[in-house]
A.B. asks: 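What follows is a structure written as structure tokens; I'll ask about it next.
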Amino acid sequence: MAYDHKRIEEKWRNEWRKRGTYHVDNDTAKPKYYVLDMFPYPSGAGLHVGHPLGYIASDIVARFKRHSGFNVLHPMGYDSFGLPAEQYAIQTGQHPAKTTEENAARYREQMDRIGFSFDWDREVRTSNPDYYKWTQWIFLQLFNSWYDPKADKARPISELIARFESTGCQGQDAEVLTGDVEEAMGPFTAAEWKSFSERTQQMVLQHFRLAYLSDAWVNWCPALGTVLANDEVKDGVSERGGHPVERKRMPQWSMRITAYAQRLLDGLDELDWTTSMKEAQRNWIGRSTGASVKFAVDNDYIEVFTTRPDTLFGVSFITLAPEHVLVGKYTTDAQRAEVEAYVKAATNRSERERQAEVDKVTGVFTGSYAKHPFTGADIPVWVGDYVLAGYGTGAVMAVPGGDQRDWRFAKHFNLPIIAVTEGADIGKEADERKDAVICSEGFLKGLKVADAIPRAIQELEKLGAGEGRINYRLRDAAFGRQRYWGEPIPIYYKDDIPYPLPESELPLVLPEVDKFLPTETGEPPLARAKNWSYEGMPLETTTMPGWAGSSWYFLRYMDPKNEGRFASPEAINYWQQIDLYMGGSEHATGHLLYFRFWTKFLFDQGLIPFDEPAKKLVNQGMIQGTSKKAYALALLSHGTVGANVEFKLIETDRLPRVLVPKRIYESWGTLNEADRQAIVDVEERLRTIGKEQTPGASGYLMATGAYEFHVDIRLVDDKTNELNLDGFRTSRPDYSESIVLENGPYITTSEVDKMSKRWMNVVNPDDIIEKYGADTLRLYEMFLGPLEQSKPWDTHGIEGTSRFLKKFWNLFFESDVISVSEEAPTEAEQKVLHATLKKVTEDIGKMSFNTSVAQFMIAANELGALKCHKRDILEPLTIALAPFAPHIAEELWSLLGHSDSITTAKWPQWHARFLEESNFSYPISFNGKTRMHLEFPVGLSKDEVESAVLANPEVQQRLEGKTPKKVIVVPKRIVNIVV
RNA sequence: GCCCGGGUGGUGAAAUGGUAUACACGAGGGACUUAAAAUCCCUUGGUCCGUAAGGGCCGUGCGGGUUCAAGUCCCGCCCCGGGCACCA
């Protein structure tokens, strides 16, 4: 019987479904293991061969763990709220729910064909009301919580209110004012709190809630009509769609993730994540230690943050961000016009412009002076857009002698540059060395930077002019979207004050709207909904961002159908953290940070018993595509237009395109004689055609160069790179008449690119499965190289894994008849088996799947050579192969006479006794270069090996009578003779 | 600029400091076949010497170093990929 992948794979797909093979129970005595893939957004394009890479790897681990006696949770679902479906809805009027449903169905079909062991009974979709009911519920918990810096955890807001009622808000309590709402809110007494109006009380509480509404600087994207998070903005444009983004201040729902900055940082230490992933998060959180310093201005002060309080004596001016609230206050009347013009210009500059013009120094003097806390000197206060409103206090103390940006600013505006360190050449540049010695006159003189910093802080604290301070780059996360296709925020407004919807009202279901666009007055689409109110009070109209649903989904899989709770405590206690989380490294600072934040919050609430979601994280690399590129001539028609002459140019658009070799594209300008002549000829030909097409046309036509463009890889022969010209002309109307410069076949060039529809280089897994089968695809994806590395897809190579499966299959057959003998295996056969079991078991632990597949190939080759058809060898090998190639393994397992699924089989143990060798062939090297081999029994001692080697005539011959200086013998490894 | 990865045959790649290039693709040669496909076998880092058997030399981005021994460890560069960036 020949290996028929279609029959076998279809058969087992159906069997598995019928038998519920991958159904997972929560109550079992077995130890648990939780393997999770980052769930996909179901896009309209479907999966390409790059997508399943991580899913295959995690599926292998899941199956391996099952064989090893674990109860494995390995679920899949969809991150199904998101912009593309909504964009599509706006264009076509189709409800996003409908396209989402269709896309998810297509994903499911594709995933099913690959043979994943997902328990689909546990599928979650973030856009299902059953699911987002609990996303909304968690939002309410966040809204009803504040962060207590003393207890270092989130606590119910009711406790804070109780405290305000008994002791008011004093001292340290004010420290919870983190993030963008860092506004001066003075202390108040209990009596004052009680005297506040309801409205004032609610306003105060907004400063403490973990989900809060405030005026915040946001990334506003007019084209998308929405606010974007920092990580959704790349180079000043939206990550999706590339639309311009501007800074704008508007009322905005935010999440106080900054309260968790330190814990998010500390938590990284214990995680088994890659260093690059942890570093990306550390950078993003951006902790810096330093001091806050107050510079008095009349009866008020400017507060700055600095990491270098040791350079305080070098301060020669203060710079405020243009957006700083104090700018208006400190601008003198004489300077007002100039400052206001500058501020206006600076705020209108886009992020992109500010970034592009790093070298351009701009700024303006406010006319005011601050007092230096140590010297009492007058320090001029400037405004400069190199200072960012959103970092630190939005103001810096400028030390041109110690900071290059300050130095440039000082140089440009001719401000004093004071040396702060010994040996600095401040005429040329600032001295930013951290190992320098301070030279300023006073108590810091002669101290090293590291010692001067604490000393300066000490002095500041003594004077009450500042204190040690830790600052984070991390910002609070924008949580509202002016969009339709997202979770409604369960908030209603009474007198413009937000109130939480009662839990009994959840889920707050996304309403129907007539159009998915903002209203005429610029309100979000939800404002179009009829009766969008709660007991007559208006409901919130923004929706949650994409990361809301994905921040806790791993918990829902544990108990996906629970109607009374997001997941039962029993299920959570059993499944605990994710043991292995697989996904793309692009989520480093987005999803993975929010996901950790929500987990810590739920932990603080006592809702879950752990505060990190995923113990181990593995990033699969990207599978790149191979693009095929063609080159064509760029044509220009020209002529001299006489004043009174009716004149028609040849219409280049209507001319046939001319395909040219890459050589011509690259060497335009230095073309060889033959190519030049060929182009002259073709220009002539086109001119003739052009004049026929456009009667009366005159003037000239010439090629001005060549351009490259992508052609669909399906139109190119893999091996020869020859373009299928007929297919090309049919599929591309603009090239329908195209001709090839040198008659004959047209040869394209190959290039490795990101795999995407746009580059027409997408390889669809369905096509591969149709031809080779899912097991071959799975093996091949793993065989390509190390999981975490990016690598180009090359369909050719798949032949190797396909041949392997045929060879493996044939081990069970003789003349197409199943033939497995019960005979006892030989030593050689046992050795092949156990070497393979050892390698594969160890490799799965290291997630080194490419080398496991290679080992299976070696085993099949060797057993083929040994003509081994023995059950005792083949049966364990089949179990070991099952995680990688489940369909063929299941089929062979049943042919071996088993009625249970192979997934229930116990993982075969390898035994060292089968791998022991009696002899070892020592490489004998002279001065480190291997020259010969000598075989000795493994039991021989170092000395015995040495004397045996030296006694060997061939060795003696090479020594030419000399005595070796040294002989190194490493048992069972190498002998090195130093001459 | 700073922080992470990574550079090994024609290609994807393998290698606890111990025989560099396992496994696979591609290429070349052969067997089977009327033929093709499929399958199987052999060769395949470069270079030099030799009719041959065989042997020499060079080789893991570049330059140094440590070591009996370096793709692997250390120092200094170059290149590629990713992340962050007037961050005070």
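Just so it is clear, the structure is predicted and the values come from calculations on it, not from any experiment. Side chains are part of it too, since the values below use all heavy atoms of this structure and drop only hydrogens, waters and symmetry mates.
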A.B. asks: Going by the glycosidic torsion and a 90 degree boundary from 0, is the base of B/G9 oriented syn or anti?
C.D. replies: syn
A.B. asks: Reckon A/V978 touches a base, only the sugar-phosphate, or nothing at all at heavy-atom distances under 4.0 Å?
C.D. replies: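 A/V978: backbone/sugar contact only, no base atoms under 4.0 Å.
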A.B. asks: Students often get this wrong, so: under 4.0 angstrom with heavy atoms, is A/R287 touching a base, only sugar-phosphate, or nothing?
C.D. replies: nothing
A.B. asks: Under a 3.5 Å distance rule, please check whether A/Y301 uses its side chain to pair with a backbone N or O of A/A465 as donor and acceptor.
C.D. replies: no
A.B. asks: Counting any heavy atom closer than 4.0 Å, what does A/R803 reach on the DNA or RNA strands: base, sugar-phosphate only, or nothing?
C.D. replies: sugar-phosphate
A.B. asks: Which part of the nucleic acid, if any, lies within contact of A/N850, taking any heavy atom under 4.0 Å across all strands shown: a base, the sugar-phosphate backbone alone, or nothing?
C.D. replies: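 Sugar-phosphate contact only.
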A.B. asks: Write down the distance separating the C1' atoms in B/G6 and B/A38, rounded off to the nearest Å.
C.D. replies: 40 Å
A.B. asks: From the set B/C40, B/A88, B/C86, return the single nucleotide nearest to any side-chain atom of A/D385.
C.D. replies: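 Between B/C40, B/A88, B/C86, the one nearest the side chain of A/D385 would be B/C86.
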A.B. asks: Would you kindly check whether a donor in the side chain of A/H796 faces an acceptor in the base of B/U11, or vice versa, at under 3.5 angstrom?
C.D. replies: no
A.B. asks: Mind checking if A/K754 touches a base, just sugar-phosphate, or nothing, with heavy atoms under 4.0 Å?
C.D. replies: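 No contact.
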A.B. asks: Closest approach to the side chain of A/A280, judged atom by atom: which nucleotide of B/U19, B/A88, B/G83 is it?
C.D. replies: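 Ranking B/U19, B/A88, B/G83 by closest atom to the A/A280 side chain puts B/G83 first.
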A.B. asks: Check the distance between B/A85's C1' and A/R282's CZ and give it to me in whole angstrom.
C.D. replies: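 My rounded result for the distance is 19 Å.
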A.B. asks: May I ask you to say what A/I858 touches in the nucleic acid, namely base, sugar-phosphate or nothing, with a heavy-atom cut-off under 4.0 Å?
C.D. replies: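 The residue A/I858 makes sugar-phosphate contact but no base contact.
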A.B. asks: Please give the distance between the C1' atoms of B/U19 and B/G59 as a whole number of Å.
C.D. replies: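 Here B/U19 and B/G59 have their C1' atoms 15 Å from each other.
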A.B. asks: Of the non-hydrogen atoms in A/P765 and A/L777, which two are nearest, and what is the gap between them?
C.D. replies: CB-CD2, 4.1 Å
A.B. asks: Tell me: CG of A/D794 to C1' of B/G10, nearest whole Å?
C.D. replies: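 The distance from CG of A/D794 to C1' of B/G10 comes to 12 Å, rounded to the nearest Å.
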A.B. asks: Could you give the distance separating B/G17 and B/C74 at their P atoms, to the nearest angstrom?
C.D. replies: 12 Å
A.B. asks: Verify the contact: side-chain N or O of A/R931 to OP1 or OP2 of B/G55, cut-off strictly under 4.0 Å; return yes or no.
C.D. replies: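 No, because none of the side-chain N or O atoms of A/R931 sits under 4.0 Å from OP1 or OP2 of B/G55.
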A.B. asks: Could you work out the separation of B/G76 and B/C2 based on their P atoms and round it to a whole Å?
C.D. replies: 13 Å
A.B. asks: Is A/D403 reaching over with its side chain to a backbone N or O of A/E432, donor-acceptor style, under 3.5 angstrom?
C.D. replies: no
A.B. asks: Taking only the P atom of each, what is the distance from B/C48 to B/C42 in whole angstrom?
C.D. replies: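 Approximately 28 Å lies between the P atom of B/C48 and that of B/C42.
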A.B. asks: Rounded to the nearest 0.5 Å, how far apart are OG of A/S802 and NZ of A/K771?
C.D. replies: 9.0 Å
A.B. asks: Would you kindly give the CZ-to-C1' distance between A/F849 and B/A13, to the nearest whole Å?
C.D. replies: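 For the pair A/F849 CZ and B/A13 C1', the rounded distance is 17 Å.
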A.B. asks: Checking A/Y922 against A/V949 for the side-chain contact (heavy atoms from CB on, under 4.5 Å) test, could you report, in this order, the C-alpha distance in whole Å, the side-chain angles of both residues, the deciding distance, and whether it holds?
C.D. replies: CA-CA 10 Å; A/Y922 279 90; A/V949 166; 6.0 Å; no
A.B. asks: Within the 3.5 Å criterion, strictly below it, is a donor on A/Y386 or A/D406 matched to an acceptor on the partner's side chain?
C.D. replies: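 Indeed, the side chains of A/Y386 and A/D406 share at least one donor-acceptor pair under 3.5 Å.
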A.B. asks: Using a cut-off of 4.0 Å on non-hydrogen atoms, how would the nucleic acid contact of A/N861 be classed: base, sugar-phosphate, or nothing?
C.D. replies: sugar-phosphate
A.B. asks: From the options B/G18, B/A88, B/C68, select the nucleotide whose nearest atom is closest to the side chain of A/K966.
C.D. replies: B/C68
A.B. asks: Considering residues, nucleotides and ligands other than A/E935, do more than 12 of their heavy atoms fall under 6.0 Å from its CD?
C.D. replies: yes
A.B. asks: Measure from CZ on A/F926 to P on B/G56 and round the result to the nearest Å.
C.D. replies: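 Atom-to-atom, A/F926 to B/G56, this comes out as 11 Å.
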A.B. asks: Partners of A/N850 by side chain to side chain contact (heavy atoms under 4.5 Å, CB included), sequence neighbours excluded?
C.D. replies: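 For A/N850, the residues satisfying side chain to side chain contact (heavy atoms under 4.5 Å, CB included) (neighbours in sequence not counted) are A/P786, A/S848.
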A.B. asks: Does NZ or CZ of A/K838 fall inside the cone over A/W910's six-membered ring, less than 6.0 Å from its centre and within 45° of the axis?
C.D. replies: yes
A.B. asks: If we take the C1' atom in both B/C23 and B/A14, what is their distance in whole Å?
C.D. replies: 8 Å
A.B. asks: Tell me the interatomic distance from A/I974, atom CD1, to B/U19, atom C1', rounded to whole angstroms.
C.D. replies: 6 Å
A.B. asks: With the side chain of A/A854 defined as its heavy atoms from C-beta on, choose the nearest nucleotide among B/G12, B/A88, B/C23.
C.D. replies: B/C23
A.B. asks: Scan nucleotides 3-8 of chain B nucleotide by nucleotide, 5' to 3', and note B when protein non-hydrogen atoms come under 4.0 Å of the base, S if they reach only the sugar-phosphate, - if neither.
C.D. replies: SSS---
A.B. asks: Under 4.0 Å between a side-chain N or O of A/R473 and OP1 or OP2 of B/A85?
C.D. replies: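 It does, given that an N or O in the side chain of A/R473 lies less than 4.0 Å from OP1 or OP2 of B/A85.
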A.B. asks: Rounding to the closest angstrom, what is the interatomic distance between B/G50 and B/G18 at atom C1'?
C.D. replies: 32 Å
A.B. asks: Do the side chain of A/R469 and the main chain of A/F305 share a donor and acceptor less than 3.5 angstrom apart?
C.D. replies: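 Such a contact is absent between A/R469 side chain and A/F305 backbone.
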A.B. asks: Examine distances only and state if a side-chain atom of A/R778 and a backbone atom of A/A885 form a donor-acceptor pair shorter than 3.5 Å.
C.D. replies: no
A.B. asks: Rounded to whole Å, please give me the gap between CG in A/D843 and C1' in B/A15.
C.D. replies: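 Answer to the nearest Å: 12 Å.
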A.B. asks: Is the closest side-chain donor-acceptor distance between A/S750 and A/K628 under 3.5 Å?
C.D. replies: yes
A.B. asks: Any idea which of B/C84, B/A20, B/C25 is nearest the A/T589 side chain?
C.D. replies: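 My answer, after comparing the listed nucleotides, is B/C84.
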A.B. asks: Would you classify A/N976 as touching base, sugar-phosphate or nothing, given that sugar-phosphate means primed atoms plus P, OP1 and OP2, and contacts are heavy atoms under 4.0 Å?
C.D. replies: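 Base contact.
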A.B. asks: Regarding A/K929, tell me which of base, sugar-phosphate or nothing describes its non-hydrogen contacts under 4.0 Å with the strands shown.
C.D. replies: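 Sugar-phosphate only.
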A.B. asks: Can you tell me which nucleotide in B/A15, B/G18, B/A88 comes closest to the side chain of A/Y391?
C.D. replies: B/A88
A.B. asks: Kindly point out which of B/C84, B/C23, B/A88 is positioned nearest to the side chain of A/M857?
C.D. replies: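 Among the listed nucleotides, the one closest to the side chain of A/M857 is B/C23.
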A.B. asks: Please tell me which of A/K806 and A/K791 maps to the more 5' nucleotide of RNA chain B, matching each residue to the nucleotide holding its nearest heavy atom.
C.D. replies: A/K791
A.B. asks: Could you measure between the two P atoms, the one in B/A20 and the one in B/C78, and give it in whole Å?
C.D. replies: 31 Å
A.B. asks: What pattern of brackets, bars and dots sums up RNA chain B from 5' to 3', given Watson-Crick or G-U wobble pairs under 3.5 Å, [ ] for crossing pairs and | for another strand?
C.D. replies: (((((((..(((.....[....)))((((((.......))))))(((((....)))))..(((((..]....))))))))))))....
A.B. asks: Both A/F920 and A/I798 contact RNA chain B. Taking the nearest nucleotide for each, which residue is further toward the 5' end?
C.D. replies: A/F920
A.B. asks: Would you mind reading off the distance between A/I623 atom CD1 and B/U11 atom P, rounded to a whole angstrom?
C.D. replies: 20 Å
A.B. asks: Within this structure, what is the CD-to-C1' distance between A/E781 and B/G12, rounded to whole angstrom?
C.D. replies: 14 Å
A.B. asks: Any side-chain to backbone donor/acceptor pair from A/Q281 onto A/A588? Under 3.5 Å, distance only.
C.D. replies: yes
